[in-house]
Amino acid sequence: MRVAVIGSGGREHALVWKLKQSPQVSELYVLPGNPGMVELAKLVKVEQSVAALVAEIENLAIDFVVVGPEQPLAEGLADELSKRGVLTFGPMKASAKLESSKVFAKRLMKSCKVPTAAFEVFSDFRLFEKFVQENPRANGRVVKADGLAAGKGAFVCTNDAEAVDVGRRLLAASELGEAGATIVVEEMLTGREASLHFLCDGERFLALPPAQDYKRAFDGDEGPNTGGMGTFCPARHVSEVTIRDVELRVVSPILKELKGQGTPYRGLLYVGIMLTESGPQVIEFNCRFGDPETQVMLPCLGYDLLEPMIECAKGQLNPAKYSAQAVGNAVCVVLCAEGYPASYLKHVPLTAPACNSNQILFSAGTTTVEGKWVSSGGRVLNAVGLGDTMNEARTNAYDLAHQAIVEGLRMRSDIALSEVS
Ligand code: AMP
Ligand code: GLY
C-alpha cells in the first residue's frame with residue numbers, strides 16, 4: 001500500500017515512524033515532511049493548499065492518506081480526496097468544525113449535554129463589555145477566538161479588566177483577523193488537564209492511551225501558553241472510570257449527533273479535558289492528533305496503527321481487536337527556539353545525537369540550508385524516552401534532550417516530574 005502523511009512537524013515524524021513499522025506499507029511519503037524524517041519516508045515538497053496536495057497525491061498514486069494538521073482538514077482536503085476515491089484518515093470540513101469553530105463546538109456540546117464550561121458568544125465589543133460589567137466574576141474567565149489561531153486564540157484572564165482588554169483586542173482591534181471576529185467567553189474551570197484521543201469511524205471509536213501535555217512555556221507551569229512543551233503517556237491520573245465517562249457523555253453523543261446531521265466524524269477526535277471536582281469537563285476538541293501527544297502515544301501502542309486507521313476511513317472500525325492499554329511508558333521533552341512562543345531565533349545549527357533503543361529523536365521545526373541541518377520553527381526537536389517505568393522513560397528522554405540541546409534552544413526541566421518518585 002502506498003501511504004502519504006500530510007504535514008511537517010514532530011507529530012508527523014511520529015506518525016511516519018509508526019506507519020513505517022506496518023507490513024502493509026510498501027511506499028511511504030510525507031508531504032512535505034522535514035529533513036529529520038528522510039530515512040523513514042520520501043519527502044515531497046508541495047505547497048499546503050488543498051488543490052496542490054490533491055494534485056500531488058493523485059500524481060503519486062497514493063492509496064491511503066493520513067492528514068496531520070488541522071488547516072488542510074478545515075479547508076476541505078478530506079472532502080476533495082473522498083470525491084476522487086482516495087481513502088483518507090481525517091474528518092471532512094463540516095465535522096472538522098469541531099476544531100475550526102469554537103462556537104460550533106460549544107453549541108454542539110450544549111445541545112448534546114456534554115459537560116463543558118458555561119459560555120456566551122459575542123461579535124460586538126460593546127455588547128461584550130456590557131456583559132462583563134453586568135456579570136462580574138471574581139475568579140476570572142477565559143476568552144477564546146472562534147476560529148483557528150495556531151494555539152494563540154485562548155486567553156485565561158484572571159480578572160474582568162483583563163477579559164475586557166482581550167475582547168477589545170480581538171473584536172475591536174481585530175488582532176487575530178477573521179479568526180477573532182467572534183469570541184467565546186467561558187467560565188473558569190480548575191483541575192488537572194489531560195489529552196484523550198479517539199480513533200473514530202463515524203459511529204464506533206477506539207481510545208488511545210491517555211496523555212498529558214505541558215502547555216506553559218516555563219517550569220512550574222509559568223509563562224505563556226505554547227503548542228506544548230512536553231508530554232508523557234500513559235497519564236495515570238486519568239482513571240479507566242474517567243475514560244468510560246468521557247466515552248459515554250462526550251464521544252458517543254457527539255458522534256451520534258454529527259452522524260444524524262449527515263456529517264459523520266471519521267478520523268481522530270482529540271478531547272482536551274479538565275478533571276474538575278464535578279467530574280471531567282471538555283476544554284476543547286481538535287480534529288487531529290495532538291502535538292506533542294502523538295510523540296508519546298504512538299510508541300506506547302501495541303498494535304499496527306495503520307489497521308484501525310484504514311477501518312475508520314472505511315467506516316468499519318472493530319475496536320475489540322485493539323488493546324487500549326499502553327505498552328510501557330514514554331516521555332517527550334520539546335526543545336524549542338529561544339523566544340518561543342513569541343518571536344524566536346531561526347537557523348540554529350543542529351546536531352543529531354545517537355539514540356539508544358529506548359530513545360527516539362523526532363524532528364519538528366527543522367530544515368536544511370546549504371546542506372546544513374538547522375531550526376526553522378518554534379518547536380524544533382522532540383526528545384522521546386521510553387521505559388518499563390516512567391522514571392526510566394524520563395531519564396532516557398532527558399539524557400537525549402541534553403545531548404541534542406545546543407545554544408539557541410531551550411527546554412522545560414520538569415516534564416513528567418510529578419510522575420516519578
Ligand atoms: P484551548 O485552546 O481551548 O485548548 O485552551 C488552551 C488552554 O487554556 C487549555 O489547555 C487550558 O489550560 C486553558 N483553558 C481553556 N479553557 C479553560 C477554562 N474554561 N477554564 C480554565 N482554563 C481553560
Ligand atoms: N498539544 C496540544 C495540541 O496539539 O493541540
Side-chain angles (χ1 to χ4, degrees), residues 7 9-12 14-15 68-71 73-74 96 98-106 109-110 114-120 137 139-158 162-163 166 170 176 179-180 183-197 208 210-217 221-233 235 268-278 280-298 332-334 336 341 362 364 378-379 382 412 415:
R11 163 184 53 210
E12 286 75 26
L15 284 164
E70 62 278 15
Q71 196 70 40
L73 293 167
L98 273 186
E99 175 167 1
S100 64
S101 169
K102 300 257 186 214
V103 174
F104 174 83
K106 291 296 281 192
M109 284 191 263
K110 193 171 177 186
V114 166
T116 189
F119 70 101
E120 301 286 335
R137 285 278 176 280
N139 67 338
R141 52 182 114 219
V142 184
V143 179
K144 297 179 180 180
D146 174 46
L148 294 179
K152 292 181 187 149
F155 302 84
V156 179
C157 304
T158 46
E162 217 180 292
V166 171
L170 300 188
L176 291 176
I183 58 172
V184 172
V185 188
E186 291 185 8
E187 72 173 313
M188 177 84 85
L189 301 174
T190 48
R192 210 167 159 187
E193 291 180 55
S195 310
L196 301 184
H197 288 66
L208 301 185
Q212 190 189 315
D213 185 16
Y214 290 74
K215 288 215 166 76
R216 300 294 185 123
D221 291 332
E222 299 284 344
N225 265 330
T226 69
M229 292 298 295
T231 41
F232 64 83
C233 179
L268 191 290
L269 179 61
Y270 170 125
V271 185
I273 57 164
M274 193 173 273
L275 301 169
T276 71
E277 275 180 1
S278 58
Q281 301 262 340
V282 176
I283 292 288
E284 66 164 338
F285 287 130
N286 291 321
C287 65
R288 38 77 194 172
F289 282 92
D291 185 349
E293 288 91 334
T294 309
Q295 291 87 315
V296 285
M297 290 186 309
L298 301 195
C332 170
V333 178
V334 171
C336 71
F362 290 128
R379 292 186 293 170
N382 307 147
R412 274 182 68 156
I415 306 300

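Small disclaimer: the values here were computed from a predicted structure and weren't measured. We count ligands from 1, going down the list as the structure has it; atoms in each ligand are counted the same way.
With hydrogens and angles ignored, the 3.5 Å screen pairs a side-chain donor or acceptor of Arg216 with a backbone N or O of Gly223. No donor-acceptor pair closer than 3.5 Å links the side chain of Arg141 to the backbone N or O of Ala163. Looking only at distances, no side-chain donor or acceptor of Arg412 sits under 3.5 Å from a matching main-chain atom of Gly230. The backbone N or O of Lys215 lies less than 3.5 Å from a partner atom in the side chain of Thr226, making a donor-acceptor pair.
For ligand 1, one of its N or O atoms has an N or O atom of Leu189 under 3.5 Å away. For ligand 2, the polar-atom distance check finds an N/O of Arg288 within less than 3.5 Å of one of the ligand's N/O atoms. Looking at Gly227 next to ligand 2, an N or O pair under 3.5 Å apart turns up.
Side-chain atoms of Glu99 and Leu73, non-hydrogen and from C-beta on, never get closer than 4.5 Å to each other. Met297 is not listed as a side-chain neighbour of Ser195, based on a closest heavy-atom distance of 4.5 Å or more. For the pair Phe285 and Val271, the minimum side-chain heavy-atom distance is below 4.5 Å.
Contacts between Thr190 and ligand 1 below 4.0 angstrom, taking non-hydrogen atoms only, are absent altogether.
In terms of protein heavy atoms, atom 5 (O) of ligand 1 is closest to Ala154 CB, 3.4 Å. In terms of protein heavy-atom proximity, atom 23 (C) of ligand 1 is nearest to Val142 CG2, 3.9 Å. When hydrogens are left out, the protein atom nearest atom 19 (N) of ligand 1 is Glu186 OE1, 2.8 Å; that is the closest non-hydrogen contact. Of the protein's non-hydrogen atoms, the one nearest atom 2 (C) of ligand 2 is Asp213 OD2, 3.4 Å.
Near Lys215, with a cut-off below 4.0 Å to any heavy atom, the atoms of ligand 1 are 10 (O). For ligand 1, the atoms closer than 4.0 angstrom to any heavy atom of Val156 are 8 (O), 13 (C). The atoms of ligand 1 that sit less than 4.0 Å from any heavy atom of Glu187 are 18 (C), 19 (N), 20 (N). Close approach of ligand 2 to Glu293 (heavy-atom distance below 4.0 Å) involves ligand atoms 1 (N), 2 (C), 4 (O). Short contacts between ligand 2 and Asn286, defined as distances under 4.0 Å to a heavy atom of the residue, involve ligand atoms 5 (O). Remark: ligand 2 atoms within the under-4.0 Å shell around heavy atoms of Gly290 are 4 (O). Near Ile283, the atoms of ligand 1 lying under 4.0 angstrom from a non-hydrogen atom of the residue are 3 (O), 4 (O), 9 (C), 15 (C), 16 (N), 17 (C), 18 (C). Close approach to Asn225 involves these atoms of ligand 1, each under 4.0 Å from a residue heavy atom: 7 (C), 8 (O).
By the 4.0 Å N-to-carboxylate-O rule, Lys106 lies too far from Asp146 to be salt-bridged with it.
Taking all heavy atoms of Gln281, Glu284, Lys144, Met188 into account, the minimum distance to atom 15 (C) of ligand 1 is reached by Lys144. Heavy-atom proximity to atom 22 (N) of ligand 1, evaluated over Glu193, Lys102, Met274, is greatest for Met274.
Taking CD1 from Ile283 and CG from Leu189, the interatomic distance works out to 5.0 Å, rounded to the nearest 0.5 Å.
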